[in-house]
Amino acid sequence: MNVRRRSSVAALAATAVIGVAAAPAVAADPSPSATTSAPSTAASGLYGSGDPQFDGVWRQSLALLAQDTVGVVPSSKAVKWLTDQQCDDGSFAPFRADPAKACDAKTMVDTNNTAAAVQALWAVGGHGDVVDDALGWLKSVQNKDGGWGYSPGTPSDANSTSVVIGALTATETDPEGVEKNGKSPYDALLALALPCAEDKGAGAFAFQPDKDGKLLANADATAAGLLGALGKGLVTEAGEKTDAASCADADEPTREQAAANAAAYLTDALAKDGHLKSALGGSPDQPDYGNTADAVAALAAQGGADKAAGPLAWLKKNAGQWAEESGPAAYAQLIFAAHATGTDPRDFGGTDLVEQLNATGPAPQGAKASDKASDESKDEEAKKQEDEKKDDSPFGVWWYVGVCLVFGIGIGFLISNRGKKQQP
């Protein structure tokens, strides 16, 4: 899964072993574990059966946001589970086992979970105070360069800055106007874009500068940065169709050009296998399903669904088992990829992503009224089209009635004559 948005149990355990204090697992595969036993289940309102310690708020936010995206009204219990996780200052931590206990200095709040919760709660509606408090906290921990790190006070990174941009734009807040020291989030993000002159990673985004200040291409950060540069959140739709992207430098690159450069990098990265790759601890490269789904959404947002056709086809063919093993956030990522490309999430390579997601937590309340009306309208339109087919003949429907009547009379006449011939 995407490192800007999640930290896996395994990856965080690894950082603890090597003694990296208070550092999110940004260099490892952050796919959630759905097999770990958990103290919380659907009965509590939480989606997924895995241990929520490191990703509870994240996966809950994505699950609610994905349901809203496909016209499903989430369970009120599930929404309450998320709102109960908020600290008094407006921030969110990955998980609080006892929401009744006030947050303190030891509560590991972060920008990623807070920004994801903002997007989810804004989408489902009715929680303006929670959203306002969360936005207020995010603004209060903005770095001087205009961006955000995973934890308050840490250097800005492309992933965290992008997910906060998504929270701002989702709530109709212009990121350009959210400044620190005269710097906006876009300033921080564009500072992490690699120039086209680079031999490796031209046009990509770096997660952060390395210890020497050098920018190193990161596919995950590039997918995040592309959406951030466009001012998009976790849920996005296909943009206008454009020609194949190519990297182009400018003295003062625009956000749109930075996004096009990032699209060119991702297109090249996906060209050979149709998916992105990840490796942990020196193990062989493995398909990175989550980041591939993010790349699909990003490419579609930048240049239309056709740009993401290859990796989308690969996901349809291969991602079902991964999502089943990984849990609700994985289903949500695939739903976001489907939505961005205009693909039916209820038939994604033969998998009903919506049904599978709903099954990981409390039953939703149902469909949105607008979606019910849309479905009824579609049924009426289908019936109308069927009726019109019957009327397509230049002779009209009564011509068919006449033919059937004559045909019936003819059959009766034949049967009558046959009966007469058989009489002695």
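Of all non-hydrogen atoms in Leu192 and Ala158, the two that sit nearest each other are CD1-N, 3.4 Å. Closest non-hydrogen pair, Thr114 versus Gly90, comes out as CG2-O, 4.0 Å. Between Ala298 and Leu227 the shortest heavy-atom distance is CA-CD2, 3.8 Å. In terms of heavy-atom proximity, Gly149 sits nearest to Ser160 at C-OG, 3.5 Å. The minimum heavy-atom distance linking Ala123 with Asp68 is given by the pair O-OD1, 3.3 Å. The nearest pair of heavy atoms linking Leu46 to Pro52 is CD2-CB, 3.7 Å.
The CG atom of Asp273 sits 12.5 Å away from the CG atom of Asp288 when rounded to the nearest 0.5 Å. Atoms CD and CG, on Glu198 and Leu215 in that order, are 7.5 Å from each other to the nearest 0.5 Å. Between the CD1 atom of Ile165 and the CG atom of Asp174 there is a distance of 10.5 Å, given to the nearest 0.5 Å. Atoms CG and OG1, on Asp220 and Thr292 in that order, are 10.5 Å from each other to the nearest 0.5 Å. Atom CZ of Phe54 is separated from atom CG of Asn113 by 12.0 Å, given to the nearest 0.5 angstrom. Taken to the nearest 0.5 Å, the CG atom of Leu64 stands 9.5 Å off from the CH2 atom of Trp81.
Side-chain atoms of Asn181 do not come within 3.5 Å of backbone N or O of Lys183 as any donor-acceptor pair. No side-chain donor-acceptor contact under 3.5 Å links Trp148 to the backbone of Thr111. At least one donor-acceptor pair closer than 3.5 Å links the side chain of Thr360 to the backbone N or O of Leu357. In this structure a side-chain-to-backbone donor-acceptor pair under 3.5 Å is missing from Ser184 to Glu179. At distances below 3.5 Å, not a single donor-acceptor pair connects side-chain atoms of Gln119 with backbone N or O atoms of Leu65. For the pair Arg346 (side chain) and Asp352 (backbone), a donor-acceptor distance under 3.5 Å is absent. Checked by atom type and distance alone, the side chain of Arg59 never pairs as donor or acceptor with a backbone atom of Ala329 at under 3.5 Å. Of the possible donor and acceptor atoms, none in the side chain of Ser91 sits under 3.5 Å from a partner among the backbone N and O of Cys87. Remark: the backbone N or O of Ser75 is not paired with any side-chain donor or acceptor of Gln365 at under 3.5 angstrom. Judged by distance alone, with hydrogens and angles left aside, the side-chain atoms of Gln60 form a donor-acceptor pair with the main-chain N or O of Ala78 at under 3.5 Å.
Contact check for Leu270 versus Leu299: side-chain heavy atoms found under the 4.5 Å cut-off. Here the side chains of Thr267 and Lys307 are not in contact, with every heavy-atom distance at 4.5 Å or above. By the 4.5 Å heavy-atom criterion applied to side chains, Ser61 and Leu82 are counted as neighbours. Between Glu176 and Tyr186 there is a side-chain heavy-atom pair separated by less than 4.5 Å. Taking 4.5 Å as the limit, every side-chain heavy atom of Tyr289 sits out of range of all side-chain heavy atoms of Leu334. For the pair Leu315 and Trp322, the minimum side-chain heavy-atom distance is 4.5 Å or more. Considering only heavy atoms from C-beta on, Arg255 comes within 4.5 Å of Leu190 through its side chain. A 4.5 Å side-chain heavy-atom check between His127 and Val79 finds at least one atom pair inside the cut-off.
Enclosure of atom CG in Asp89 by more than 12 non-hydrogen atoms of other residues, nucleotides or ligands within 6.0 angstrom is indicated. Other residues, nucleotides and ligands contribute over 12 non-hydrogen atoms within 6.0 Å of the CG atom of Asp98.
Scored by the ring pair (Phe, Tyr, Trp, His ring centres under 6.0 Å) test, Trp137 finds no partners at all (sequence neighbours excluded). Taking Lys101 as the reference, nothing meets the salt bridge (charged side-chain N to carboxylate O under 4.0 Å, His left out) condition, with sequence neighbours excluded. Applying the side chain to side chain donor-acceptor pair (under 3.5 Å) rule to Gln257 yields the partners Asn261; only residues at least two apart in sequence or on another chain are considered.
Using a 4.0 Å cut-off between a side-chain N of Lys or Arg and a carboxylate O of Asp or Glu, Asp210 and Lys214 do not qualify as a salt bridge.
Counting only N and O atoms by type, the side chains of Tyr47 and Gln67 include a donor and acceptor under 3.5 Å apart.
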For Gln142 and Val164, what are the C-alpha separation, side-chain angles and deciding distance, and is it a side chain to side chain contact (heavy atoms under 4.5 Å, CB included)? CA-CA 10 Å; Gln142 185 177 16; Val164 176; over 6 Å; no
Stepwise side chain to side chain contact (heavy atoms under 4.5 Å, CB included) test for Gln302 and Thr242: CA-CA 8 Å; Gln302 190 277 327; Thr242 63; 4.1 Å; yes
